[in-house]
Amino acid sequence: MKQRLGRQLAAGAVSVSLGAALWHAIGVRPTPLVSLPALVSDAIPASGVSHPVTAVLLNFRSYDTLLEIAVLMTAAVVALALREEQTTRTDTPASARVRYVVLDTLVWRLVPLLVLVAGYLLWIGSKRPGGAFQAGSVLAGAAVLLRLSGFAITPVDHRLVSRIAMTLGMVIFLCVAIGTALAGRELLDYPVAWSGALILVIESALTISIGVVLFSLFDNAPQQPRGLSR
Amino acid sequence: MIGLTFDALLGAALIATATGALFSRDLFRGVVLFVVFGLLMALAWVRLQAPDLALAEAAIGAGLTGALLLDAIGHLKRRDAADAGHENSPSGGAS
Amino acid sequence: MSADRLYAYVGAALVALSLYAFLVHTHLLRRLLAFNVMGGGTFLILVGLAQDGRGPDPVPQALVLTGIVVAISATALAIILLRRWFVFSQATALPEDEAQ
Amino acid sequence: MNGSALLPWMLVVPLSWATGTVLLAHRRHAYTHAFNTVGSLLLVALAATLYWVTREHGPTTHALGGWSAPLGIGLRADGLAVTLVLLTAIVSGACGWYARTSERTERQGKGTSQRYFWPLFWLLITALNGIWLADDLFNLYVGLELLGLSAVGLVALGDGEASLSAALRYLMAALLGSLAYLLGVALVYASYGTLALPELAGLLSREPITQLALALMTVGLCLKTALFPLHGWLPPAHGVALTPVSAMLSALVVKGSFYILFRLWSDVAESVVTPLAAQALGALGAGAVLWGGWQALRESSLKMLVAHSTVAQLGYLFLFFPLAVGTGASAAALATQGMLLHLVAHALAKSAMFLASGTLIASVGRGGVSDLAGVGRHMPMSLFAFGLAGVSLMGLPPSGGFNAKWLLLQSALAGGQWLWLIVLLSGGLLTAGYVFRVFRESFRDPDPGGGRFTTTPRAYDWVALALATLSIALGFASRSPLAFMTNGLAVMVRGQ
């Protein structure tokens with residue numbers, strides 16, 4: 001009990017001082033001399049898209065996005081690795097679950113709508129808010145919804161087709177990167193005339209992969225082996 | 001002025017739901033409050049003129065993270081209801 | 001005070017609050033909640049403080065979008081490890097912490 | 001050949017191999033082994049070319065996406081970055097070879113999760129190269145996260161329960177560390193409006209917000225580098241992982257976050273750091289040297305002993321700060337050289353030591369230091385590799401470790417800071433203590449009933465021996481690589 005109190009006091013001291021320091025710092029922040037938003041809006045016409053956030057994500061700072069997809073892939077790979085060890089996976093077959101008619105109808109109405117929304121978000125991303133990440137996560141959300149309501153949707157496991165779907169975004173992104181490098185340009189420096197099309201291709205592939213990976217992180221979470229206690 | 005009042009209220013609500021999510025005795029309740037927190041964050045992003053973030057926060061921050069956490073609670077509760085369901089007593093495991 | 005700065009202050013409060021929670025909780029799921037709230041607070045500071053007095057800035061917004069995806073990857077990875085570990089050990093806190 | 005055109009391949013190659021190994025994960029091992037061998041050789045060849053080109057033609061940069069900073073993200077290849085890229089290629093190549101050998105021989109009966117070793121291996125290399133070459137504050141954050149998560153994944157692939165709890169503990173530290181770093185990045189961007197390191201170097205000034213930002217980034221990076229007393233996560237993670245993973249984690253991964261810290265303190269935020277903070281970091285480093293060494297002396301498991309030795313050896317890196325900040329040009333230059341040489345020599349020696357330990361454990365069948373009795377006669381080669389690595393870690397001549405510690409010592413003398421001399425010397429004694437402890441046990445006669453050893457593949461010994469020899473060879477030829485590494489660094493010569 002004493003140790004717990006000590007821990008609370010120490011944690012309290014650390015976080016209160018951090019909070020106070022942040023509070024103070026926010027109040028006395030100097031005004032920046034560099035203005036990136038101005039640079040962004042100057043460069044937008046050459047970026048291939050008109051929505052600034054998309055331009056930053058997939059053109060100006062596309063390398064960040066490439067590494068970010070690698071982070072997502074890391075999580076997916078670990079999930080696959082730890083899933084595979086389980087020989088006694090206790091997936092409840094969809095038919096065995098109790099289904100509620102209302103839920104069913106709701107899901108059947110909702111899921112196609114979500115897929116439509118995802119497609120719209122992907123398409124609109126070049127001009128307005130939206131893009132691969134939002135679209136991919138909406139797709140994943142639709143799949144999670146289906147799985148939660150007991151529908152037998154195909155698991156994202158170690159079959160080749162799943163692994164292709166997971167890595168599709170990375171493969172396309174890398175192909176574009178290698179293409180630009182082989183053409184003697186800087187890495188991921190799209191030719192201006194092609195940049196709109198290339199970004200759309202990359203984003204479409206990313207949408208699929210992000211959707212599949214995010215769903216796989218949900219679907220591949222380890223289960224308790226039934227009736228097996230150690 | 002009305003805008004700023006709304007922002008202040010939203011900020012207070014963010015802090016309140018975060019407190020609930022972090023310190024409620026029942027972990028399930030905590031996760032539900034975290035989802036609410038995520039939705040309020042999405043509103044905050046709208047107020048900060050960041051609609052991309054509002055969309056992403058609602059879908060990922062609140063939706064998928066919430067689903068992952070809720071599923072995990074179900075998993076962790078299966079054997080160990082006392083620990084997962086209530087405020088963990090740190091000495092409980094090491095009797 | 002501008003709305004942007006107000007949200008930066010809210011972010012600071014969230015960071016302090018969740019740091020405390022991260023340090024005192026031993027239940028790993030609670031620590032993950034704290035991590036996610038801390039992430040939210042950091043993102044609010046990143047966007048709010050950068051935009052304060054300067055209008056919308058797409059760069060920090062794009063950075064936060066990246067941050068959100070990284071955060072869910074980390075959260076999912078942690079949950080997978082935790083669930084797998086729970087299968088073996090029936091514990092939800094780290095052994096070192098439980099001994100306290 | 002153009003150095004700038006070569007740069008992005010240091011990222012594209014490992015990332016392509018990561019993707020390729022995900023797709024190949026369930027093919028026959030012969031295919032994946034051939035694929036990975038080609039990848040490692042290609043990486044070494046590219047890194048060596050980049051090293052050579054940079055040596056001939058000087059540092060280069062690369063504007064990713066064709067957008068120059070601050071709008072875009074830059075890569076930068078100076079002597080230090082290129083040396084670390086080559087070091088990564090060599091150490092990871094050696095560890096990859098070890099891993100392939102172990103897959104071929106010990107595969108039966110092991111968990112199949114190790115199929116996914118290779119994607120994580122390549123993702124780790126991507127992250128490392130990304131960090132060495134980075135020139136952008138936020139890009140470094142993404143690199144740090146990639147490094148942390150792939151390292152945690154690799155730890156989790158070890159056997160059983162202990163590897164999972166070690167991975168979880170590692171992950172919690174990594175997450176907290178990178179959020180602290182990100183918070184610092186947020187404050188910097190809000191105050192200066194840019195993330196590009198070269199620009200920030202000219203802009204940062206000693207404002208309260210900048211100091212807070214630097215403090216946050218420093219704490220986060222120290223947590224990720226396992227600086228005493230934030231080192232608790234390291235020994236279990238490095239001690240329980242698969243042997244080639246332990247080697248890469250200790251040799252390279254913890255150096256990633258330290259490298260960022262070094263760049264920030266010496267290149268970017270030179271005008272913000274204070275001698276007091278530097279002394280504090282040095283004191284913690286000294287604590288690490290003593291505490292880690294002491295723990296290694298008392299440790300009963302061989303791999304945990306080597307892991308505690310990593311905690312101690314990381315402490316030496318932090319002696320750089322008090323030796324270089326505010327001490328004058330010559331002391332700072334010596335400290336920089338000593339610290340960088342120590343970083344490289346430790347990477348080579350520690351990876352050799354982990355690989356040799358893994359081989360000894362594979363031969364004995366158990367992991368305790370006291371189980372080694374009699375192994376000296378059966379496994380002379382592994383023990384020799386262990387000993388060579390030990391020589392460099394102790395800082396005995398001739399070795400890279402000796403030269404490094406000699407430089408640090410001279411820096412302490414030049415700056416008149418006698419206290420750090422004591423730390424350097426007692427650290428060496430503690431190291432000698434735990435290395436000789438392993439030798440004493442190995443040459444003890446086995447207990448009756450013990451002393452049955454399995455024969456291990458020859459390749460294990462060659463790999464460990466090659467790395468250990470390199471760490472010794474660095475003692476004969478450290479001048480020219482050092483001059484190359486420190487060339488172009490804005491060492492803190494502008495101090496008081």
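Each chain gets a letter, A, B and so on, in the order the sequences are listed, and its residues count up from 1.
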Measuring heavy-atom distances to chain B, does C/Ala76 have an atom under 4.5 Å in its side chain, in its backbone, in both, or in neither? both
Under 4.5 Å from any heavy atom of chain B - which part of C/Ile80: neither
Is the shortest side-chain heavy-atom distance between B/Leu27 and C/Leu33 below 4.5 Å? yes
With chain C as the partner, which of B/Leu53, B/Leu14, B/Leu68, B/Leu64 has the greatest number of non-hydrogen pairs under 4.5 Å? B/Leu53
Inter-residue atom distance B/Thr65.OG1 - C/Phe35.CZ, 0.5 Å rounding: 9.5 Å
Spacing of CD1 belonging to B/Ile73 relative to CG belonging to C/Leu29, to within rounding of 0.5 Å: 5.5 Å
With side chains defined as the heavy atoms from C-beta onward, is the minimum distance between B/Leu76 and C/Leu82 less than 4.5 Å? yes
Of all heavy-atom pairs between B/Asp7 and C/Ala3, which one has the smallest distance, and what is that distance? OD2-CB, 3.1 Å
Chain B heavy atoms under 4.5 Å from C/Ser18: which part of the residue, side chain, backbone, both or neither? both
Contact origin within C/Leu14 toward chain B - heavy atom pairs under 4.5 Å: side chain
Is a side-chain N or O of C/Gln61 found less than 3.5 angstrom from the main chain of B/Gln49, in a donor-acceptor match? yes
Below 4.5 Å from any heavy atom of chain B, which atoms of C/Ile79 appear? Answer side chain, backbone, both or neither. side chain
When every non-hydrogen atom of C/Tyr7 is compared with those of B/Leu10, the smallest separation belongs to OH-CD2, 3.3 Å
If you count heavy-atom pairs under 4.5 Å between each of C/Thr75, C/Leu65, C/Val69, C/Leu44 and chain B, which one has the most? C/Leu44
Report which part of C/Phe22 has an atom under 4.5 Å of a heavy atom belonging to chain B: side chain, backbone, both, or neither. neither
C/Tyr20 vs B/Leu22 side-chain heavy atoms within contact, under 4.5 Å: no
Residue pair B/Glu57 / C/Val64, side-chain heavy-atom distance below 4.5 Å: no
Is it the backbone or the side chain of B/Ala21 that comes under 4.5 Å from a heavy atom of chain C, or both, or neither? backbone
Can you tell which of C/Leu6, C/Asp57, C/Asp4 makes a side chain to side chain contact (heavy atoms under 4.5 Å, CB included) with B/Leu48? C/Asp4
